[in-house]
Visitor: 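Please see the structure below; I have some questions.
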Amino acid sequence: MAQPINIRRDNKDPFYRYKMPPIVCKVEGRGNGIKTAVVNTADVAKALSRPPSYVIKFFGFELGAQTTVNEKDDRFLVNGAHDAPKLQDLLDGFISKFVLCASCKNPETDFVLLKDGNITRDCKACGQRTMVDPRHKLTSFILKNPPSTAKGKKKAATASANVGGNSDVNGNGSDKANGDDGDDDDELTKRINAEAADLPENGTYGEDDDDNWAVDVSEEAVKARQKELERSLAVLDVNDEEEEDGEAYNELGEWISKEEPSDVEIYKKAVDLGIADKHRTVQVLAQTIFTENIVKEIPEHGGLLGKLVTSKNHEKALLGGIERLIGLTYPDHIKDIPTILFKFYDADLLSEDVITKWGTKASKKYVDKETSKKVRKAAKPFIDWLEEAESESESDEE
């Protein structure tokens, strides 16, 4: 089986989280009846969260060739003889025009068909809606053959499902919980904000206002943040089975805070220290690779964390690190906890059961009891939403 490749082939980052299988094709027939069968069209389309017919029709339009689409028998043909590299290059064009967000170049998008006959890509990473070129022939095909809406799915399928996910294309924005057509991430944010407004200590959160994210870069502020980071690292919890590796964790944390390395360099350093598979490594990273701008930084580090978070213990360590980072280093951002949890949940870095169990009881494992209570209290709107979503999903299945 061919090794998955980056959906954006111009991105050479080995930790880039969005993957797809490379095109596999076979030339059939001879003479005027020669055709090219794209053997794994369904798998490629699934990784891109687009119907396979869109991919094949795009090839046909670009090559000026007739196509055959038979989804029932998994047969997708393009007239003429075409090799895999040629089709892979064409696929790059499809991804650029019909998958990637035109604003942030993230492939985690859904189609939204507008009443005026246009199509936009609704990006779940940056929130922007960008227009699909209305002049392309595939745009007309999509309007005549709109994507089906995912129903009964707990998490709607977007390109974040990568190669192994269950991908259905949602034409009206994706619902993280119950498959309702219009209940997308914007609606979730509104619901969380509305509930959080009733929390006396938390105020509101989730507003994407650049002024709110301004970082004080004065020398005094930088020194203060460094001191907070050192204080946070100095009291890393070591009362577990990995206590003997304490020196390695301290070395990793101090190195990250001083060198500001790339995610690839961080992973290599963890491997060199022999702690790449340890869950406390995730805790250290949560405290060192993020700043008060964590909501915007989570997508940047999704690849690294996705490679390291491999069990429930890793998820718990990630929650512990975030609890320390926000509760101790950036307490003014406790109000952002629901949005932070949603971002990690949306990136498949935290599972529902781990978040729910974590939110039921304050703990002194990572922070003092009072700080733990504050963090969990702030998290309550998101946890309530998860429980409500579970209940609605079960009702739909029945």
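What you see is a predicted model; the values in this text were computed from it and never measured. Numbers here are sequence positions counted from 1.
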Visitor: Under a 4.5 Å cut-off applied to non-hydrogen side-chain atoms, are Ile275 and Arg280 in contact?
Guide: no
Visitor: So do the side chains of Phe76 and Pro52 get within less than 4.5 Å of each other, counting heavy atoms only?
Guide: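 In short, these two side chains touch, coming nearer than 4.5 Å.
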Visitor: To the nearest 0.5 Å, what is the distance between CZ on Arg121 and OG on Ser103?
Guide: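 Answer rounded to 0.5 Å: 10.5 Å.
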Visitor: Do Glu28 and Thr36 get their side chains close enough for a donor-acceptor pair, meaning under 3.5 Å?
Guide: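 Short answer, no.
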Visitor: State yes or no: do Val24 and Val78 share one hydrophobic cluster built from I, L, V, M, F, W and Y residues joined by side-chain heavy-atom distances below 4.5 Å, directly or via other members?
Guide: no
Visitor: State, without any angle test, whether Tyr18 and Glu108 hold a side-chain donor-acceptor pair at a distance under 3.5 Å.
Guide: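 Indeed, the side chains of Tyr18 and Glu108 share at least one donor-acceptor pair under 3.5 Å.
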Visitor: Side-chain heavy atoms nearer than 4.5 Å, only ILVMFWY residues, links allowed to pass through others: does that put Phe61 and Leu48 together?
Guide: yes
Visitor: Just by distance, no angles: are the side chains of Arg50 and Thr109 close enough, under 3.5 Å, to form a donor-acceptor pair?
Guide: yes
Visitor: Quick one: ring pair (Phe, Tyr, Trp, His ring centres under 6.0 Å) partners of Phe94, sequence neighbours excluded?
Guide: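 Counting only residues at least two positions away or on another chain, Phe94 forms a ring pair (Phe, Tyr, Trp, His ring centres under 6.0 Å) with Phe58, Phe98.
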Visitor: To the nearest 0.5 angstrom, please state how far the CD1 atom of Ile383 sits from the OG1 atom of Thr360.
Guide: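 Separation between the atoms: 8.0 Å.
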Visitor: Is the shortest side-chain N to carboxylate O distance from Lys365 to Glu323 below 4.0 Å?
Guide: no
Visitor: Checking side-chain polar atoms at under 3.5 Å, does Thr329 have a donor or acceptor matched by the opposite partner on Gln287?
Guide: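 Side-chain D/A pair, Thr329 to Gln287: absent.
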Visitor: If you measure from CD1 on Ile340 to NE2 on His333, what distance do you get to the nearest 0.5 Å?
Guide: 8.5 Å
Visitor: Under a 4.5 Å cut-off applied to non-hydrogen side-chain atoms, are Thr281 and Tyr249 in contact?
Guide: yes
Visitor: Please determine, by modelled atom types, if Thr139 and His136 share a side-chain donor-acceptor pair under 3.5 angstrom.
Guide: no
Visitor: Is there a donor-acceptor pair closer than 3.5 Å between any side-chain N or O of Lys335 and the backbone N or O of Asp332?
Guide: yes
Visitor: Identify whether Leu285 and Val264 are in the same connected component of the hydrophobic contact network (ILVMFWY, side-chain heavy atoms under 4.5 Å).
Guide: yes
Visitor: Can we say Lys97 and Asp133 salt-bridge, meaning some charged N sits less than 4.0 Å from an Asp/Glu carboxylate O?
Guide: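 Not counted as a salt bridge, because no side-chain N and carboxylate O are separated by less than 4.0 Å.
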Visitor: Taking the six-membered ring where the residue is Trp, are the ring centres of His301 and Phe290 under 6.0 Å apart?
Guide: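 So the answer is yes for these two rings.
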Visitor: Could you state whether Leu77 and Val38 fall into the same hydrophobic cluster, counting links through intermediate Ile, Leu, Val, Met, Phe, Trp or Tyr residues with side-chain heavy atoms under 4.5 angstrom apart?
Guide: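 As far as the 4.5 Å side-chain criterion goes, Val38 and Leu77 are not connected within one cluster.
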Visitor: Would a hydrophobic clustering, with Ile, Leu, Val, Met, Phe, Trp and Tyr connected at side-chain separations under 4.5 Å, put Ile322 with Tyr345?
Guide: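 As far as the 4.5 Å side-chain criterion goes, Tyr345 and Ile322 are connected within one cluster.
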Visitor: Does Gln66 have more than 12 heavy atoms from other residues, nucleotides or ligands lying within 6.0 Å of its CD?
Guide: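 Open: at most 12 neighbouring heavy atoms sit under 6.0 Å from CD of Gln66.
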Visitor: Between Arg129 and Asp110 (salt bridge meaning N to carboxylate O under 4.0 Å), is one present in this structure?
Guide: no
Visitor: Compute the ring centroids of Phe344 and Phe342, then answer whether they are less than 6.0 Å apart.
Guide: no
Visitor: How would you list all residue pairs meeting salt bridge (charged side-chain N to carboxylate O under 4.0 Å, His left out) that involve residues 310-319, not counting sequence neighbours?
Guide: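 As it turns out, the salt bridge (charged side-chain N to carboxylate O under 4.0 Å, His left out) pairs with a partner in residues 310-319, which skip direct neighbours, are Lys312-Asp353.
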Visitor: What is the distance from atom OG of Ser257 to atom CG of Leu252, rounded to the nearest 0.5 Å?
Guide: 9.5 Å
Visitor: Would you compute the distance between atom CD1 of Ile289 and atom CD1 of Ile294 and round it to the nearest 0.5 angstrom?
Guide: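 Answer rounded to 0.5 Å: 8.5 Å.
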Visitor: Looking at every non-hydrogen atom in both residues, tell me the closest pair between Ser53 and Phe141 and how far apart they are.
Guide: OG-CE2, 4.0 Å
Visitor: Does some side-chain heavy atom of Val132 sit less than 4.5 Å from a side-chain heavy atom of Thr120?
Guide: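 Counting from C-beta outward, Thr120 and Val132 never come under 4.5 Å.
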Visitor: Are Ile142 and Lys57 packed together at the side-chain level, in the sense that at least one heavy-atom pair is separated by less than 4.5 angstrom?
Guide: no
Visitor: Judged by modelled atom types alone, do Asn11 and Asp13 share a side-chain donor-acceptor pair under 3.5 Å?
Guide: no
Visitor: Pro261 and Ile266: which non-hydrogen atoms are nearest, and at how many Å?
Guide: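 Residues Pro261 and Ile266, closest heavy atoms: CG-CG1, 3.5 Å.
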Visitor: Below 4.5 Å, heavy atoms only, C-beta onward: do Arg9 and Asp89 meet side chain to side chain?
Guide: yes
Visitor: Are the side chains of Phe382 and Ile337 in contact, using a 4.5 Å heavy-atom criterion?
Guide: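 Result no, sub-4.5 Å side-chain heavy-atom pair not found.
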Visitor: Could you check whether any side-chain heavy atom of Ile355 comes within less than 4.5 Å of a side-chain heavy atom of Glu352, counting everything from C-beta outward?
Guide: no
Visitor: Closer than 3.5 angstrom, by distance alone: can the side chain of Thr288 be matched with the main-chain N or O of Val284 as a donor-acceptor pair?
Guide: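 Yes: the side chain of Thr288 pairs with the backbone of Val284.
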Visitor: Does the pair Asp10/Arg8 count as a salt bridge with the N-to-O cut at 4.0 Å?
Guide: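 Yes.
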Visitor: Mind checking what makes side-chain hydrogen bond (donor to acceptor under 3.5 Å, both in side chains) contact with Asn32, not counting sequence neighbours?
Guide: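 With sequence neighbours excluded, Asn32 shows a side-chain hydrogen bond (donor to acceptor under 3.5 Å, both in side chains) to no residue whatsoever.
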Visitor: Measure the CE-CD1 distance between Met20 and Ile5 for me, rounded to the nearest 0.5 Å.
Guide: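 Interatomic distance, Met20 CE to Ile5 CD1, rounded to 0.5 Å: 4.0 Å.
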